[in-house]
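Excluded from the calculations below are hydrogen atoms, water molecules and symmetry mates; all remaining heavy atoms, backbone and side chain alike, are included. Note that ligands are numbered from 1 as they come in the structure, with each ligand's atoms numbered from 1 the same way.
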Amino acid sequence: MLVEADVERAAEVLRGRADRTPLVPSLYAGADLWLKLEICQPIGAFKLRGALNAVAAAAGDVVCCSTGNHGRGVAWAAREAGKRAVICMSELVPEAKVAGIRALGAEVRIKGRSQDEAQAEADRLTREEGLTGISPFDDSLVIAGQATIGAEIMAERPGIETLLVPLSGGGLAAGVAFAAKRAKPSVRVVGVSMDRGAAMHESLLAGAPVQVEEVASLADSLGGGIGMENRMSFAMCRDLLDDTVLVTEEEIYRAMQETYYTDRLVAEGGSVVGLAALMAGKVRCDGPVATILTGRNVDMTQFTRVVTGQDVTLGEMTVKGVPHGA
Ligand SMILES: *Cc1c(COP(=O)(O)O)cnc(C)c1O
């Protein structure tokens with residue numbers, strides 16, 4: 001389990017490098033909604049926080065497994081620290097994300113068709129070549145880094161009553177819930193995932209980590225398992241989250257449009273699931289609500305199709321096109 005000093009130390013490491021993104025009011029009319037703009041981070045996603053904190057503490061070179069944003073974060077942090085970074089990822093990761101990581105100077109290894117297979121390769125490099133493995137979500141330094149987001153939100157807007165947090169491996173939700181509830185015990189923290197392949201949601205229902213099938217989604221950053229040997233993020237999400245909610249691909253599609261046309265912001269599908277849940281009436285929103293726009297590293301061809309109301313094909317399924325506001 002985390003202690004408060006871990007979050008304070010992480011905030012020190014991040015100071016001047018990844019701290020204090022803006023918390024802005026959304027123009028969305030359906031709720032008193034605040035947006036924490038982690039899309040403004042140097043790598044375009046919040047994962048820089050956990051990565052900077054973990055890479056700073058690593059003795060030597062680092063390796064990780066990532067659907068993209070964690071890999072970018074580790075690559076950026078390693079370059080800053082003068083360390084070598086090897087990033088392992090599955091074949092399902094969009095090409096734009098792979099190219100982005102190579103551009104940051106990291107070595108990319110493509111391995112298998114799931115996050116778990118890519119993780120096995122990262123584990124092998126840790127064992128056989130002595131690199132320090134950095135989990136995208138199941139690591140106390142990473143969770144402490146992500147926790148600084150919760151601390152910043154509650155310090156800036158203590159009136160927030162509900163936090164809607166995009167949920168995949170649960171490092172973000174665990175950290176944010178931990179820090180936010182330290183600041184304000186009554187704050188409700190709700191994890192939001194897409195309804196196909198929601199590993200943490202299924203695991204929480206089962207009472208233990210379960211494997212889910214990974215499928216293409218507008219929220220590709222939320223794909224992947226939580227690890228059958230999960231050490232921290234599962235227990236923290238179980239103990240700290242008030243609820244988990246699932247949203248459909250159609251709801252994510254509409255929330256991406258809403259974020260773009262109403263707030264004029266470019267955000268990944270995985271970023272807007274909190275808004276999607278609000279728009280679908282799937283979460284209660286009596287008081288002020290905050291959500292985290294977690295990343296903006298979206299495939300621009302897909303993004304353009306969404307905001308112009310065209311059909312989007314995701315593996316076997318098609319999300320029917322619909323213009324904004326229709
Ligand atoms: C990683 C990621 C998440 C989910 O974070 P977890 O700690 O894995 O739950 C949400 N949004 C984006 C954009 C991400 O990259």
Please could you name the atoms of ligand 1 that S221 approaches to less than 4.0 Å, counting only its heavy atoms? 2 (C), 12 (C), 13 (C), 14 (C), 15 (O)
Under the salt bridge (Lys or Arg N to Asp or Glu O under 4.0 Å) rule, what pairs show up with a residue in residues 187-200, not counting sequence neighbours? R196-E249
Using a strict threshold of under 4.0 Å (side-chain N to carboxylate O), is an ion pair present between E229 and R231? no
Less than 4.0 Å between a side-chain N and a carboxylate O, is that true for D286 and R284? yes
Is the contact between S168 and ligand 1 made by the side chain, the backbone, both, or neither, using heavy atoms and a 4.0 Å cut-off? both
May I ask you to list the atoms of ligand 1 that are less than 4.0 angstrom from any heavy atom of G169? 6 (P), 8 (O), 9 (O)
I'd like to know if G170 contacts ligand 1, where contact means a heavy-atom distance under 4.0 Å to any ligand atom. yes
Step through the shown structure and confirm whether more than 12 heavy atoms of other residues, nucleotides or ligands are within 6.0 Å of CD on E129. yes
Just do the salt bridge (Lys or Arg N to Asp or Glu O under 4.0 Å) check on E214 and R113 with the steps written out, would you? CA-CA 9 Å; E214 208 174 323; R113 290 204 43 85; over 6 Å; no
Could you tell me which non-hydrogen atom of R84 sits nearest to which non-hydrogen atom of V86, and how far apart they are? NH2-CG2, 3.5 Å
Salt-bridge criterion met for E152 and R49 (N-O under 4.0 Å): yes
Could you go through E117 and K111, starting from their C-alpha distance and side-chain angles, then the distance that decides it, and tell me whether this counts as salt bridge (Lys or Arg N to Asp or Glu O under 4.0 Å)? CA-CA 7 Å; E117 284 176 73; K111 201 83 185 176; over 6 Å; no
Pairs of nitrogen or oxygen atoms closer than 3.5 Å, one from P166 and one from ligand 1: do any exist? no
Please work out whether any backbone atom (N, CA, C, O) or any side-chain heavy atom from C-beta onward of H70 is under 4.0 Å from ligand 1, and answer side chain, backbone, both or neither. neither
Do any N/O atoms on K47 end up under 3.5 angstrom from N/O atoms on ligand 1? yes
By number and element, which atoms of ligand 1 are closer than 4.0 Å to a non-hydrogen atom of E268? 13 (C)
Hey, is N297 touching ligand 1 through its side chain, its backbone, both or neither, going by heavy atoms under 4.0 Å? neither
Is there any N or O on N69 that sits under 3.5 Å from an N or O of ligand 1? yes
For G171, the ligand 1 atoms whose distance to one of its heavy atoms is below 4.0 Å: 6 (P), 7 (O), 9 (O)
According to ring pair (Phe, Tyr, Trp, His ring centres under 6.0 Å), who are the partners of Y260, at least two apart in sequence or on a separate chain? F303
What do we get for Q146 next to ligand 1 when only non-hydrogen atoms under 4.0 Å count, side chain, backbone, both or neither? neither
Pick one of side chain, backbone, both or neither for how L172 approaches ligand 1, counting any non-hydrogen atom pair under 4.0 Å. both
Geometric N/O contact L222 with ligand 1, under 3.5 angstrom: no
